[in-house]
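See structure below.
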Amino acid sequence: MVELLTTYNLTDILIFCVILALALKAFVTFLDWAHERMKQHFDKGYSQTRKEEKSDEKLVAIEKEMKSVEGCITEITHSIAESNEKIDDLVESVNKRVDTLVESDIEAIKSYITEKHRYFVYEQGWIDAYSKECLIKRFQIYKDEGGNTFVGGLMDEICDLPMVPPKDDESMHDKFVNTEKYIQKNHEKKKETREPSAV
């Protein structure tokens, strides 16, 4: 150090120290600048990586949500399928009951018309307009429900009955015989109107 003081004067040493301090300051500034540049560069990479990680996290969350939604959809689909099976069973049961009711109604109408036929044709020998209209309506329901037995013939005989009561002095036997003749006569008239006349 003595040599340094003898070789250089105080001014030179001070200048040297100032230059050294300025150089150190420039070097530190350079290091700060380099550090900031590196930080910006790595922060961009880091932020990009962080964005990618967040995107990946979001994708994973979305995939989990989709799986959850798929599970819900599967449960709903199974529930709907079970409900459809129950509805199909219920509809089939209702259809069977309706078929049974229709068959029962057909038999009830057949019995009703048979009973009324016996009364009007064999006992009374005539039919009033209201009873005739009711029987015709019931017979139409019978046909609409699929009934197709002998009831049509009974209805023809009922429709052929006179709409006025026979004279009071006729006996029951005469009433029956006259009714039978009246029905046969009407059947013959119907056959004649159905068959074209040969000219």
Side-chain angles (χ1 to χ4, degrees), residues 1 3-5 7-8 10-117 130-155:
M1 179 111 155
E3 266 181 47
L4 185 64
L5 287 176
T7 315
Y8 298 104
L10 186 56
T11 317
D12 289 339
I13 291 175
L14 279 176
I15 292 175
F16 178 72
C17 283
V18 170
I19 291 175
L20 182 63
L22 287 173
L24 274 173
K25 183 177 183 249
F27 182 72
V28 168
T29 304
F30 171 76
L31 284 178
D32 284 343
W33 176 83
H35 180 263
E36 284 299 317
R37 290 293 286 172
M38 292 298 272
K39 187 177 178 183
Q40 287 176 356
H41 175 73
F42 285 115
D43 279 349
K44 284 182 183 175
Y46 176 74
S47 67
Q48 183 66 26
T49 303
R50 188 68 189 134
K51 285 180 185 176
E52 289 173 1
E53 287 176 358
K54 286 183 180 179
S55 296
D56 289 345
E57 289 172 3
K58 287 179 182 177
L59 284 174
V60 167
I62 289 171
E63 286 176 356
K64 285 181 181 177
E65 270 308 304
M66 286 179 64
K67 287 181 181 177
S68 172
V69 168
E70 285 175 359
C72 289
I73 290 173
T74 303
E75 288 178 21
I76 290 170
T77 303
H78 289 301
S79 175
I80 289 172
E82 289 174 3
S83 296
N84 283 344
E85 288 176 10
K86 289 178 183 177
I87 289 171
D88 289 344
D89 292 344
L90 183 61
V91 167
E92 185 177 332
S93 173
V94 168
N95 284 340
K96 285 180 182 177
R97 289 179 181 174
V98 167
D99 290 344
T100 302
L101 288 173
V102 168
E103 288 176 23
S104 173
D105 195 43
I106 287 173
E107 293 301 317
I109 292 172
K110 186 187 329 179
S111 172
Y112 178 79
I113 291 175
T114 302
E115 180 183 321
K116 292 299 179 180
H117 172 269
Y130 178 74
S131 297
K132 185 176 182 178
E133 182 182 339
C134 290
L135 284 169
I136 289 171
K137 285 181 181 178
R138 280 202 130 163
F139 179 65
Q140 187 58 47
I141 293 169
Y142 174 81
K143 288 193 313 187
D144 291 344
E145 289 178 342
N148 59 357
T149 59
F150 62 91
V151 178
L154 298 179
M155 283 304 298

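Sequential numbering from 1 along the given sequence is applied to the chain's residues. Keep in mind that what you see is a predicted model, and the values were worked out from it rather than measured.
The pair Glu92-Lys96 meets the salt-bridge criterion, with a side-chain N (NZ, NE, NH1 or NH2) lying under 4.0 Å from an Asp/Glu carboxylate O. Between Glu107 and Lys110, at least one side-chain nitrogen of the basic residue sits less than 4.0 Å from a carboxylate oxygen of the acidic one, meeting the salt-bridge criterion.
To the nearest 0.5 Å, atoms NE2 (His117) and OH (Tyr112) are separated by 14.0 Å. Atom CD of Glu82 is separated from atom CG of Asn84 by 10.5 Å, given to the nearest 0.5 angstrom. With values rounded to the nearest 0.5 angstrom, Ile80 atom CD1 is found 10.5 Å from Ile73 atom CD1. Atom CG of Leu90 and atom CG of Asn95 lie 9.5 Å apart (nearest 0.5 Å). Atom CD of Glu65 and atom SG of Cys72 lie 9.0 Å apart (nearest 0.5 Å). Rounded to the nearest 0.5 Å, atoms CG (Leu31) and CZ (Phe27) are 4.0 Å apart.
Between the side chain of Thr29 and the main chain of Lys25, a donor-acceptor pair closer than 3.5 Å is present. A distance-only check finds a donor-acceptor pair linking the side chain of Ser83 to the backbone of Ser79 [under 3.5 Å]. Of the possible donor and acceptor atoms, one in the side chain of Thr74 sits under 3.5 Å from a partner among the backbone N and O of Glu70.
Two residues are said to be in side-chain contact when any heavy atoms from C-beta on lie closer than 4.5 Å; Cys134 and Arg138 fail this criterion. Using a 4.5 Å heavy-atom cutoff, the side chains of Ile109 and Val151 are not in contact.
Glu36 is linked by a side chain to side chain donor-acceptor pair (under 3.5 Å) to nothing, counting only residues two or more places apart in sequence or in another chain. Not counting sequence neighbours, the partners of Asp144 by the side chain to side chain donor-acceptor pair (under 3.5 Å) test are Gln140. Judged as a side chain to side chain donor-acceptor pair (under 3.5 Å), and not counting sequence neighbours, the contacts of Glu133 are Lys137.
For Phe150, the CZ atom sits in a packed shell: over 12 heavy atoms of surrounding residues, nucleotides or ligands are nearer than 6.0 Å.
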Pair Asp105-Leu101, side-chain contact (heavy atoms from CB on, under 4.5 Å): steps then yes or no: CA-CA 6 Å; Asp105 195 43; Leu101 288 173; over 6 Å; no
